Each structure stands twice: as C-alpha cells, then as structure tokens.
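No experiment lies behind these values; they were computed from the predicted model shown.
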Amino acid sequence: MAGSVNKVVLVGNLGRDPEIRHTNTGKKIASFSIATSDVWKDTNGQRQEKTEWHRIVVFNPNIADFVEKFIHKGSKVYVEGSLQTRKWTDNSGQEKFVTEVVVGHFKGELVLLDARASDDAVSMDANVEMSPDSGWDTTPTSNASASADFDDEIPF
C-alpha cells in the first residue's frame, strides 16, 4: 500500500455560533467547535458520559459561506476533513499547539443534519458551487453522476 491517509469523520453539535474571519486577501474562513459524546454504563450500572470537543476550520470559501448562512449554536453536523496541528508563539513567548479538523479547498465535507427548513439533510462538499440565481446548488461540479438507468451488465 502506497501513501497514507489523513481523514477524520465526526458527527456532533456546535457549542456556539461559528466564527467567520477573512484573510488579508479577503478569503473567508469559518471556524467552530463541535462536541461528540460517548455514553456507557459503568460496573455499577450507572450511566456515564464523556464529551470531547473538536475544533473545525473551513478554508473552502463555498463551505464557509454555507456555514455562515445555515450553521449555528446547537446545529448537528457531519464533518469530514483532515487532522492538522498548528504551532505558534504567544505574546509571552510560549509555544502553543492546537490540533484541528480542516475542511480544505478541495477535500472535505460538511452536512447539516438537523435542517429546520426541510426534512432532508443539507450538504456542502468541496465539489459544490453556489449558483448566483438560485441560491445553493448541491449538484457536484465533477463529471461523476449517478444514473437511475445504471446497467449492471459488463459490456464485452
């Protein structure tokens, strides 16, 4: 097997509204944290719960627009991205580290699982573009498409 894989998949709830920032060149970046929880019964039969917080950073401008418009505190989301650790030096000279799930420009996905406007989940991935005349276009920009006429026979 060649290469390696860096892929993170999480389903959780936002703890607060997303933060939207802009780079010096005007590109939009969205960041937020989601909570995931494990629940189990201990040896005494008592319910136990452990919650982990995950910092998510969205560099894809289309997905960042989606986050800004539709994602808020309490939203349940599916996030797919890669794990990255950043290092910086704070004002007191101490080195700091943070590990984040990054939804990049060309890979990653975000799905709103509790869309209040409809019963269907709303999704954005790196291959989705915003249509200026109709709002969000959830048609992938790649040439891959699923067809209802798919024929299982192999042509020989």
For this session: Would you kindly confirm whether V57 and L110 end up in one hydrophobic cluster when ILVMFWY residues are joined by side chain heavy atoms under 4.5 Å apart?
Result: no

Problem set entry | Inter-residue atom distance Q48.CD - S37.OG, 0.5 Å rounding | 13.0 Å

Problem set entry | Main-chain N/O of S82 paired to N6 side chain as donor or acceptor, under 3.5 Å | no

Exercise. Is there side-chain contact between I34 and L10, with heavy atoms separated by less than 4.5 Å?
Worked result: yes

Problem set entry | From CD (E52) to NE2 (H54), nearest 0.5 Å | 6.0 Å

Exercise. Considering only heavy atoms from C-beta outward, does the side chain of R55 approach that of S31 to under 4.5 Å?
Worked result: yes

Problem set entry | Note, F32 side chain near K73 side chain (heavy atom, < 4.5 Å) | no

For this session: Report the residues that fulfil side chain to side chain contact (heavy atoms under 4.5 Å, CB included) with T23, sequence neighbours left out, ordered by chain and then residue number.
Result: T25, K27, I29

Problem set entry | Rounded distance [0.5 Å steps], CZ in R86 versus CD in Q84 | 9.5 Å

For this session: Check whether V101 and F59 end up in the same hydrophobic cluster, where Ile, Leu, Val, Met, Phe, Trp and Tyr are linked by side-chain heavy atoms less than 4.5 Å apart.
Result: no

Exercise. Would a distance-only check, ignoring hydrogens and angles, find a side-chain to backbone donor-acceptor pair under 3.5 Å from N13 to A35?
Worked result: no

Exercise. Does any N or O in the side chain of N44 come within less than 3.5 Å of the main-chain N or O of Q46, such that one atom is a donor and the other an acceptor?
Worked result: no

Seminar exercise, completed: CD of E109 to CG of N60, rounded to nearest 0.5 Å, is 11.5 Å

Exercise. Looking at NZ of K28 and CD1 of I20, how far apart are the two atoms once the value is rounded to the nearest 0.5 Å?
Worked result: 6.5 Å

Seminar exercise, completed: Sequence neighbours excluded, the answer for side chain to side chain contact (heavy atoms under 4.5 Å, CB included) partners of T89 is E95

For this session: To the nearest 0.5 angstrom, please state how far the CG atom of N62 sits from the NE2 atom of H105.
Result: 10.5 Å

Exercise. Which pair of non-hydrogen atoms, one from W88 and one from F97, has the smallest distance, and what is that distance?
Worked result: CZ3-C, 4.0 Å

Exercise. If Ile, Leu, Val, Met, Phe, Trp and Tyr residues are connected whenever their side-chain heavy atoms lie under 4.5 Å apart, and connections chain through other members, are V67 and V79 in the same group?
Worked result: yes

Problem set entry | Closest non-hydrogen atom pair between S75 and L112, with its separation | CB-CD1, 3.9 Å

Exercise. Would you say V9 and L113 are hydrophobically clustered, going by side-chain heavy atoms of ILVMFWY under 4.5 Å?
Worked result: yes

Problem set entry | hydrophobic_cluster_shared for L83 and V98, side chain cutoff 4.5 Å | no

Problem set entry | Close side-chain approach of R47 to V39, heavy-atom, < 4.5 Å | yes

Exercise. Considering all heavy atoms of both residues, which atom of W40 and which atom of D42 are nearest to each other, and what is their separation?
Worked result: CD1-N, 4.0 Å

